[in-house]
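Notes for the one structure printed next.
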Amino acid sequence: MTSVDPEFSLPTADDPISLAGPPPIRVMIVNYNGGTDLARCVEALLAQTMSDFEAVIVDNGSIDGSLDGLPADPRVTVLRMGKNLGFAAGNNQAAAGAATPWLVMLNPDAFPAPDWLELLLDEAALHGDCVAFGSTQVMSADPSKADGLGDCFSPYGFAWRGGCRKPLPVPVPAGESFAACAAAMMIRRDWFEKLGGFDERFFCYGEDVDLCFRLRLAGGRIWQSNRARVAHVGSATSGGAHSSFSLYHGYRNQIWVIAKNMPGPILPVTIFTYLPLLLLRCLLLKRPGMIWVVLKATFDGLTGLAPFWADRAELQKTRVGTFRIARVLSWSPLALIKRRAKLV
């Protein structure tokens with residue numbers, strides 16, 4: 001395993017080491033105080049049945065020793081950034097200079113099954129009209145429950161991981177999803193670059209939904225695999241799914257996703273339903289103190305809206321027809337309430 005500084009650039013196609021051509025996949029892991037989960041993640045990656053890949057671990061200034069004792073392997077490079085760039089910028093750093101046809105994001109608290117990469121590439125061969133692929137995510141602590149069966153987005157402005165914390169259905173469904181969760185996602189590198197990668201203003205949370213929304217506006221499709229599987233701890237480096245940090249960034253960024261991406265004909269539905277539903281969700285929060293976190297996130301999202309609204313003009317000018325977006329949104333209010341998966 002090689003450790004380098006942020007100025008390091010991986011070999012290019014012109015370098016002698018790359019004469020045989022790049023591998024098909026670059027796996028990107030963004031670590032921030034990932035603890036022992038990171039080593040477990042890397043061990044599972046190195047045990048893949050499809051061994052022809054390269055991996056880049058971007059470490060965002062960890063101080064917990066999570067980089068110590070990682071298994072050594074020439075396919076793995078560590079970039080020590082020295083500070084916390086966030087998930088979005090960290091993945092952009094990991095993707096920089098890639099020559100592989102595919103980019104794969106993997107959270108440091110996600111542990112892939114041995115055939116995970118092999119099956120993702122198989123899905124790409126079977127569904128050549130799709131440019132991104134999501135994995136079946138099960139809860140690491142209880143694999144009988146889903147951690148995510150594709151990311152969903154409602155016209156009312158809310159995103160969620162389909163089926164999260166619900167019993168894993170048998171058989172596990174597959175189909176076209178609105179978005180793929182970046183905890184274990186594969187995307188064509190040329191599309192990632194065409195889209196400009198992740199929006200670094202999001203820092204973390206919602207950046208994968210934003211990326212996939214922009215991909216869909218550009219005409220891309222996303223397949224949710226029922227075969228490629230990972231076990232996911234979830235929010236392991238941010239204090240938990242309902243921490244102040246995750247709630248703040250999730251709700252703030254949600255507003256920015258809407259402002260940039262929601263097609264004009266659907267936007268009135270979002271505007272008239274989002275705030276009433278937000279207030280209802282605040283009342284249902286189990287910890288009343290979190291209400292103020294959500295309200296501050298909403299305030300900051302609205303007051304910081306201008307640059308995202310400005311980005312909207314270009315995205316909407318060249319987007320596909322409204323129906324192609326509407327068909328993959330989750331219109332059922334019950335699906336939103338129950339966090340149901342939506343595959344078409």
Can you pull the side chain to side chain donor-acceptor pair (under 3.5 Å) pairs that have at least one residue in residues 327-344, sequence neighbours excluded? Glu176-Arg327

Nearest 0.5 Å please: distance from the [atom1] atom of [X] over to the [atom2] atom of [Y].
X	Y	atom1	atom2	value
Leu85	Glu200	CG	CD	8.0 Å
Met28	Met105	CE	CE	4.0 Å
Ser62	Leu38	OG	CG	8.0 Å
Asp142	Arg165	CG	CZ	10.5 Å
Phe178	Ser154	CZ	OG	9.5 Å
Asn253	Lys260	CG	NZ	10.5 Å

[X] side-chain N/O to [Y] backbone N/O, donor-acceptor pair under 3.5 Å:
X	Y	value
Thr270	Pro155	yes
Gln224	Ser177	no
Asp151	Val209	no
Asp64	Gly35	yes
Asn60	Tyr32	no
Arg214	Leu195	yes
Ser140	His232	no
Ser135	Gln137	no
Asn226	Val172	yes
Gln254	Ala159	yes

Can you check whether [X] reaches [Y] side chain to side chain, under 4.5 Å on heavy atoms?
X	Y	answer
Leu121	Met186	yes
Val42	Ile57	yes
Trp102	Phe53	no
Arg26	Leu103	yes
Phe87	Asn107	yes
Asn261	Arg216	no
Tyr156	Leu329	no
Leu336	Leu277	yes

What pair of heavy atoms forms the shortest contact from [X] to [Y], and how long is it?
X	Y	result
Ala182	Asp208	N-OD2, 3.0 Å
Pro23	Asp52	CB-OD1, 3.2 Å
Thr322	Pro265	OG1-CG, 3.5 Å
Ser225	Ala228	OG-N, 3.0 Å
Trp116	Val230	NE1-CG1, 3.6 Å
Cys164	Asp147	SG-O, 3.4 Å

Taking a hydrophobic cluster as the set of Ile, Leu, Val, Met, Phe, Trp and Tyr residues connected by side-chain heavy atoms closer than 4.5 Å, whether directly or through intermediates, do [X] and [Y] fall within one such cluster?
X	Y	result
Leu149	Phe111	no
Val320	Phe213	yes
Leu302	Met262	yes
Tyr251	Phe153	yes
Ile258	Leu295	yes

Verdict with reasoning, Arg229 to Val138, per side chain to side chain contact (heavy atoms under 4.5 Å, CB included): CA-CA 8 Å; Arg229 183 174 296 203; Val138 300; 4.2 Å; yes

Check the orientation of Tyr274 and Phe158. Use parallel for under 30°, tilted for 30 to 60°, and perpendicular for over 60°. parallel

Over 60° means perpendicular and under 30° means parallel, so tell me whether His127 and Phe133 are parallel, tilted or perpendicular. tilted

Are Leu120 and Ile25 close enough, and set up right, to give a side chain to side chain contact (heavy atoms under 4.5 Å, CB included), and what steps lead you there? CA-CA 10 Å; Leu120 281 177; Ile25 286 174; 5.7 Å; no

Determine whether Val294 and Thr298 satisfy the following criterion, side chain to side chain contact (heavy atoms under 4.5 Å, CB included), listing intermediate values before the conclusion. CA-CA 6 Å; Val294 174; Thr298 303; 4.2 Å; yes

Lys/Arg-Asp/Glu bridge criterion (N-O < 4.0 Å) met for [X], [Y]:
X	Y	value
Arg40	Glu43	no
Arg201	Asp210	no
Asp300	Arg252	no
Arg227	Asp122	yes

Would you say that more than 12 heavy atoms from the other residues, nucleotides or ligands in this model lie under 6.0 Å from the CG of Leu334, or not? yes

With side chain to side chain contact (heavy atoms under 4.5 Å, CB included) as the test, would you mind laying out the steps for Gln48 and Glu118 before giving the verdict? CA-CA 8 Å; Gln48 292 294 297; Glu118 182 180 349; over 6 Å; no

